[in-house]
K.L.:
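Can you read through this structure? Questions will come right after.
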Number of protein chains: 2
Amino acid sequence: MVTKQYTGSADDADLRRADSLAREIFSDVANKWALLIIEALGERTLRFSELRNEVEGVSHKMLTQNLRMLERNGLVERTVYPTVPPRVDYRLTEAGRGLRKTVDAMCDWTHRYLGHIDEARRRFGG
Amino acid sequence: MVTKQYTGSADDADLRRADSLAREIFSDVANKWALLIIEALGERTLRFSELRNEVEGVSHKMLTQNLRMLERNGLVERTVYPTVPPRVDYRLTEAGRGLRKTVDAMCDWTHRYLGHIDEARRRFGG
DNA sequence: CTGTATCCAGCAGGATACTG
DNA sequence: CAGTATCCTGCTGGATACAG
């Protein structure tokens, strides 16, 4: 997210639109539940109820809400089997898998710096 | 963030602690403002007011709050110059720069899939 | 300029109940 | 089982004022 310089040229409107879209996507995606859901899905296909178990602490409502958002942005694909009781599968799209790589990197980072951070907190607190 | 299997062995407590710490860090860091601040800082050293300008739309309160949190976790270093008026510089620590790489990747991803997502939204809306 | 504290509206998000 | 809708509370986060 680099700050753009708008020069007043013809296609400034396009640049501005892209920029605001980028910020919108970032806001959608840069939230705890969305990232945890993506991480939980990984390469797997999971049902709603499975996802609910995998993502520790997520409520029914938050899960539905975030899944809709991810679907809307084309990061998650939703497959409904018209059986009874119904069965709904979720899996990452190509775009979703792309994002997942970055979330993985973030998880790796978290674990790599765990000790670092733990120590920093103690210093800060003392 | 992989689900761990707790077997009841001696150092389960440690594993559990590390796990909960990891989740805590993730919750702290996986939020819009924190990531935007980290991205804005980049390799630069910025003052509070500069940061306020760089991070579009952030309020005084949110900026302070997130900077404290990032400082507490040892991701941002805060330098106070006891001048009048006071001057305070912020810059990423090594840990912070590590995280920044993953945020960069996320930003790259956003721009790479911008069109993709735009299209997905239209499909979803129609 | 930077930071803290207070107040308060608005929304996030949990619990619950109900459909297909 | 999956999803939607409603209610209701508690927290988030903006605005404002003030201090160092």
Side-chain angles (χ1 to χ4, degrees), chain A residues 23-38 40-41 44-73 75-93 96 124-125, chain B residues 23-38 40-41 44-92 96 124-125:
Chain A
R23 253 185 258 110
E24 221 179 299
I25 295 167
F26 198 83
S27 294
D28 272 1
V29 144
N31 92 65
K32 188 181 160 179
W33 293 129
L35 295 185
L36 287 176
I37 290 170
I38 286 169
L41 274 173
R44 303 178 289 177
T45 297
L46 293 178
R47 308 180 51 167
F48 183 86
S49 49
E50 291 169 333
L51 220 28
R52 188 135 164 52
N53 292 332
E54 292 293 326
V55 181
E56 163 113 15
V58 72
S59 70
H60 187 122
K61 189 180 182 179
M62 280 301 96
L63 185 54
T64 320
Q65 203 164 293
N66 278 278
L67 282 171
R68 286 296 161 280
M69 179 274 285
L70 292 172
E71 192 192 355
R72 184 174 99 92
N73 288 321
L75 307 190
V76 158
E77 190 177 45
R78 181 166 171 269
T79 315
V80 182
Y81 300 92
T83 59
V84 43
R87 173 206 181 92
V88 182
D89 283 352
Y90 292 94
R91 63 168 182 149
L92 295 179
T93 61
F124 193 83
Chain B
R23 252 186 260 108
E24 222 178 297
I25 295 168
F26 198 83
S27 294
D28 271 2
V29 144
N31 92 66
K32 189 183 161 179
W33 292 129
L35 295 186
L36 287 177
I37 289 169
I38 287 168
L41 273 174
R44 302 179 288 175
T45 297
L46 292 179
R47 309 180 52 166
F48 183 85
S49 49
E50 291 169 334
L51 220 29
R52 188 136 164 50
N53 292 330
E54 291 294 326
V55 180
E56 164 114 15
V58 72
S59 71
H60 187 120
K61 188 180 182 178
M62 281 301 94
L63 186 54
T64 319
Q65 202 163 294
N66 278 278
L67 282 171
R68 285 296 160 283
M69 178 275 283
L70 292 172
E71 192 192 354
R72 185 174 99 92
N73 288 321
L75 307 189
V76 157
E77 190 177 44
R78 182 167 171 267
T79 313
V80 183
Y81 299 93
T83 58
V84 44
R87 172 206 181 94
V88 182
D89 283 352
Y90 292 94
R91 63 169 184 150
L92 295 179
F124 193 84

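Chain A is the first sequence line, chain B the second, and so forth, proteins listed ahead of strands; every chain is numbered from 1.
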K.L.:
Is the side chain of Thr45(B) donor-acceptor paired with the backbone N or O of Tyr90(B) at a distance under 3.5 Å, no angle test?
P.N.:
no
K.L.:
Assign Arg78(A) to base, sugar-phosphate, or nothing according to its heavy-atom contacts below 4.0 angstrom with the strands shown.
P.N.:
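If one applies the 4.0 Å heavy-atom cut-off, Arg78(A) turns out to touch the sugar-phosphate alone, with no base involved.
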K.L.:
Taking N and O atoms by type only, does the side chain of His60(A) place a donor or acceptor under 3.5 Å from a partner on the base of dG14(C)?
P.N.:
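No, no donor-acceptor pair under 3.5 Å.
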K.L.:
Provide, to the nearest angstrom, the distance between the CG atom belonging to Asn31(B) and the P atom belonging to dT12(D).
P.N.:
11 Å
K.L.:
State plainly whether the residues Arg44(B) and Glu54(B) are in salt-bridge range, i.e. N to O under 4.0 Å.
P.N.:
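Looking at Arg44(B) and Glu54(B), the cut-off is met.
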K.L.:
May I ask you to check if Arg87(A) and Tyr81(A) form a cation-pi contact, with NZ or CZ under 6.0 angstrom from the six-membered ring centre and within 45° of the axis?
P.N.:
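Pair Arg87(A)/Tyr81(A) counts as cation-pi.
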K.L.:
Let me know the distance between OH of Tyr81(A) and P of dG3(D), rounded to the nearest Å.
P.N.:
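The distance from OH of Tyr81(A) to P of dG3(D) comes to 13 Å, rounded to the nearest Å.
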K.L.:
Mapping Arg87(A) and Pro85(B) to their closest nucleotides on DNA chain D, which lands nearer the 5' end?
P.N.:
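Taking each residue's closest nucleotide, the earlier one in sequence belongs to Arg87(A).
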K.L.:
Calculate the interatomic distance between Leu63(B) atom CG and dC1(C) atom P; express it in whole Å.
P.N.:
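Spelled out: CG on Leu63(B) to P on dC1(C) is 14 Å.
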K.L.:
Classify Tyr90(B) by what it touches in the nucleic acid, base, sugar-phosphate, or nothing, heavy-atom distance under 4.0 Å.
P.N.:
sugar-phosphate
K.L.:
For Val80(A) and Lys61(A), find the nucleotide of DNA chain D closest to each by heavy atoms; which residue's nucleotide sits nearer the 5' end?
P.N.:
Val80(A)
K.L.:
Does Arg47(A) place a side-chain N or O at less than 4.0 Å from the phosphate oxygens OP1/OP2 of dC1(D)?
P.N.:
no
K.L.:
Is Arg52(B) touching bases, backbone alone, or none of the nucleic acid, heavy atoms closer than 4.0 Å?
P.N.:
nothing
K.L.:
For dT2(C), does either OP1 or OP2 sit under 4.0 Å from a side-chain N or O belonging to Ser49(B)?
P.N.:
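Checking Ser49(B) against dT2(C): at least one side-chain N or O falls below 4.0 Å of OP1 or OP2.
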